[in-house]
Amino acid sequence: METLVSRGIIESYFAKLNSCLELDAAIVGGGPSGIVAAYYLAKAGRKVALLDRKLSPGGGMWGGAMMFNDIVVQEEAMPIVRELGLSYRQYREGTYIIDSVHATAGLLFKATQAGATIFNCYSVEDVVYKQGRVGGVVVNWTPVLREGLHVDPLTLISKTVLDATGHDCEIARTVARKNGVRLKTPTGGVAGEMSMDAAEGERTTIDNTKEIYPGLFVSGMAANGVSGSFRMGPIFGGMLMSGKKVAELMLKAIEAQ
Ligand code: 48H
């Protein structure tokens, strides 16, 4: 029995990893925008893997606000909430409340059910950069990096890469710093996010969701971070809409290749 269990996991896991060595979409970061992007890309039949450095993907959504585990979603994002089948209740006209644990678990469930593969405990430490294009991600086990061990990474080749790493915009920063290139952002680099303006932050999250370098897209807080726009606090509609928008942009880019 012990060997059966161990062999089952090893065979299944490495078959899964092997099938993700060449992807249509590599999503870095399993916060709400990354998971929603994974859902729509997988639903469109694309080969998509989402990598998150944490044991529990979900990013900043599990904890609601200050660990009060509810989130607010505005009317514009409710078609996504309804499509995903999440439970919600109306708070005021045009404003809804969702239990943040239910929302996060629900997004993860729907993305994986649609066919996205999630690799947790994977840190993306670099990208594949060829002929002026981002063409994949360089991954290592989070414990390797945390321990500071000198162990070389593996590579997943991908037609598109999404930086959904949240406030830190890690992938965009790495691409700009290591390759000395200008991103399609107001500064040509990572401008860094501004202070709180919820309405403006929500609006600009969608505007700033785009391809910022050939092959590299940004969503969610990373979209606002690279373009120097506002944070918005625990309202999550913008994150969901950003995930949907970036999936549509990535689908077009995949089809064009
Ligand atoms: C692997 C990585 C790496 C890496 C980071 O921050 P997130 O929740 O992402 P978003 O942008 O979808 O959602 C933002 C939202 O949660 C939020 O913080 C809001 C609305 N804040 C407003 C405010 O005012 O504060 O998740 C990012 C995920 C995390 O799970 C990280 O572990 C992961 O990305 N991650 N994974 N390799 N290099 N960097």
Side-chain angles (χ1 to χ4, degrees), residues 26-40 49-67 69-74 77 80 98 100-101 103-104 107-108 111 118-127 136-146 153-154 156 161-175 177-178 190 192-206 208-209 216-227 229-247:
I27 297 178
V28 189
S33 71
I35 309 172
V36 168
Y39 166 76
Y40 282 108
L50 182 154
L51 312 124
D52 198 291
R53 63 158 53 111
K54 300 250 171 76
L55 177 61
S56 304
M61 202 155 81
W62 293 109
M66 235 180 83
M67 295 191 192
N69 65 359
D70 282 326
I71 57 168
V72 169
V73 174
Q74 64 276 47
I80 300 173
I98 310 180
S100 66
V101 174
T104 314
L107 292 190
L108 290 165
I118 297 184
F119 291 104
N120 56 346
C121 304
Y122 273 45
S123 288
V124 176
E125 59 170 57
D126 206 343
V127 298
V137 288
V138 176
V139 300
N140 216 324
W141 261 338
T142 297
V144 164
L145 299 180
R146 207 169 269 170
L154 285 174
L156 311 183
V161 172
L162 173 60
D163 183 342
T165 61
H167 297 269
D168 294 336
C169 322
E170 282 196 26
I171 307 307
R173 247 180 239 288
T174 300
V175 170
R177 176 176 54 82
K178 293 189 85 164
V190 174
E193 92 189 13
M194 292 174 69
S195 295
M196 179 88 75
D197 181 336
E200 195 58 9
E202 282 294 88
R203 188 184 65 73
T204 57
T205 300
I206 314 303
N208 293 330
T209 297
L216 178 65
F217 296 75
V218 278
S219 67
M221 277 316 301
N224 268 355
V226 296
S227 287
S229 192
F230 297 93
R231 66 184 304 183
M232 71 298 293
I235 178 161
F236 278 78
M239 299 298 127
L240 306 182
M241 290 188 280
S242 170
K244 184 170 186 200
K245 177 180 173 183
V246 85

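Every number for a ligand or one of its atoms is a count from 1 in the order of the listing.
Remark: the backbone N or O of G243 is not paired with any side-chain donor or acceptor of S219 at under 3.5 angstrom. When atom types are taken as modelled, the side chain of D52 and the backbone of G30 share a donor-acceptor pair closer than 3.5 angstrom. Here the side chain of K244 pairs no donor or acceptor atom with the backbone of Y40 at under 3.5 angstrom. For R173 (side chain) and V190 (main-chain N/O), no donor-acceptor pair under 3.5 Å exists by modelled atom type.
For atom 11 (O) of ligand 1, the nearest non-hydrogen atom from the set M221, E170, E193, R53 belongs to M221. The heavy atom nearest to atom 6 (O) of ligand 1, considering only C169, A164, G166, is found in G166.
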message = For a side-chain contact (heavy atoms from CB on, under 4.5 Å) check, start with the C-alpha distance between I171 and V137, then their side-chain angles and the critical distance, and finish with the verdict.
response = CA-CA 9 Å; I171 307 307; V137 288; 5.9 Å; no
inquiry  = Between N224 and R231, is the side-chain contact (heavy atoms from CB on, under 4.5 Å) condition met? List the steps.
reply    = CA-CA 8 Å; N224 268 355; R231 66 184 304 183; over 6 Å; no
task = Evaluate the side-chain contact (heavy atoms from CB on, under 4.5 Å) criterion for residues V28 and E170: first the C-alpha distance (whole Å), next the side-chain angles of each, then the deciding distance (0.1 Å), finally the verdict.
result = CA-CA 9 Å; V28 189; E170 282 196 26; over 6 Å; no
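Taking every non-hydrogen atom of G30 and a distance limit under 4.0 Å, the qualifying atoms of ligand 1 come out as 28 (C), 34 (O). Every atom of ligand 1 with a heavy atom of L51 under 4.0 Å away is listed here by number and element: 1 (C), 36 (N). Interface atoms of ligand 1 facing G31, defined by a heavy-atom separation under 4.0 Å, are 7 (P), 8 (O), 9 (O), 12 (O), 26 (O), 28 (C). Each of the atoms 32 (O) of ligand 1 lies under 4.0 Å from some heavy atom of K54. Close approach of ligand 1 to M232 (heavy-atom distance below 4.0 Å) involves ligand atoms 20 (C), 22 (C), 24 (O). Atoms of ligand 1 found under 4.0 Å from any heavy atom of Y122, numbered from 1 in the order shown, are 1 (C). Of all atoms in ligand 1, numbered sequentially from 1 with element shown, those under 4.0 Å from a heavy atom of G59 are 8 (O), 26 (O), 29 (C), 30 (O). Residue contact check: G233 has heavy atoms under 4.0 Å from atoms 20 (C), 22 (C), 23 (C), 24 (O) of ligand 1.
In terms of polar-atom proximity, defined here as any N/O pair under 3.5 Å, G60 does make such a contact with ligand 1. Considering backbone and side-chain N/O of G220, none are found under 3.5 Å from N/O of ligand 1.
Looking only at protein heavy atoms, the nearest one to atom 18 (O) of ligand 1 is H167 NE2, 3.1 Å. What sits closest to atom 15 (C) of ligand 1 on the protein, heavy atoms only, is F236 CE2, 3.8 Å. With hydrogens left out, the protein atom closest to atom 37 (N) of ligand 1 is V124 N, 2.9 Å, a heavy atom. Of the protein's non-hydrogen atoms, R231 NH2, 2.7 Å is the one closest to atom 25 (O) of ligand 1. What sits closest to atom 32 (O) of ligand 1 on the protein, heavy atoms only, is D52 OD1, 2.9 Å. Counting only heavy atoms of the protein, atom 34 (O) of ligand 1 lies nearest to G29 CA, 3.1 Å. Given atom 10 (P) of ligand 1, the protein heavy atom at minimum distance is S33 OG, 3.8 Å.
Residue P32 places a heavy atom less than 4.0 Å from ligand 1.
With sequence neighbours excluded, the residues satisfying ring-ring contact (aromatic ring centres under 6.0 Å, His included) with F119 are Y122.
Salt bridge E200/R203: present, at least one basic N to carboxylate O contact under 4.0 Å.
Counting heavy atoms from C-beta outward, V36 and M239 have side chains that stay 4.5 Å or more apart. With a 4.5 Å cut-off on side-chain heavy atoms, L55 and C121 count as touching.
Counting heavy atoms under 4.0 Å from ligand 1, residue E125 does not touch it at all.
A side-chain contact (heavy atoms from CB on, under 4.5 Å) with D163 holds for exactly one of V246, V218, V124, V127; it is V218.
Within a 6.0 Å radius of CH2 in W62, other residues, nucleotides and ligands contribute more than 12 heavy atoms.
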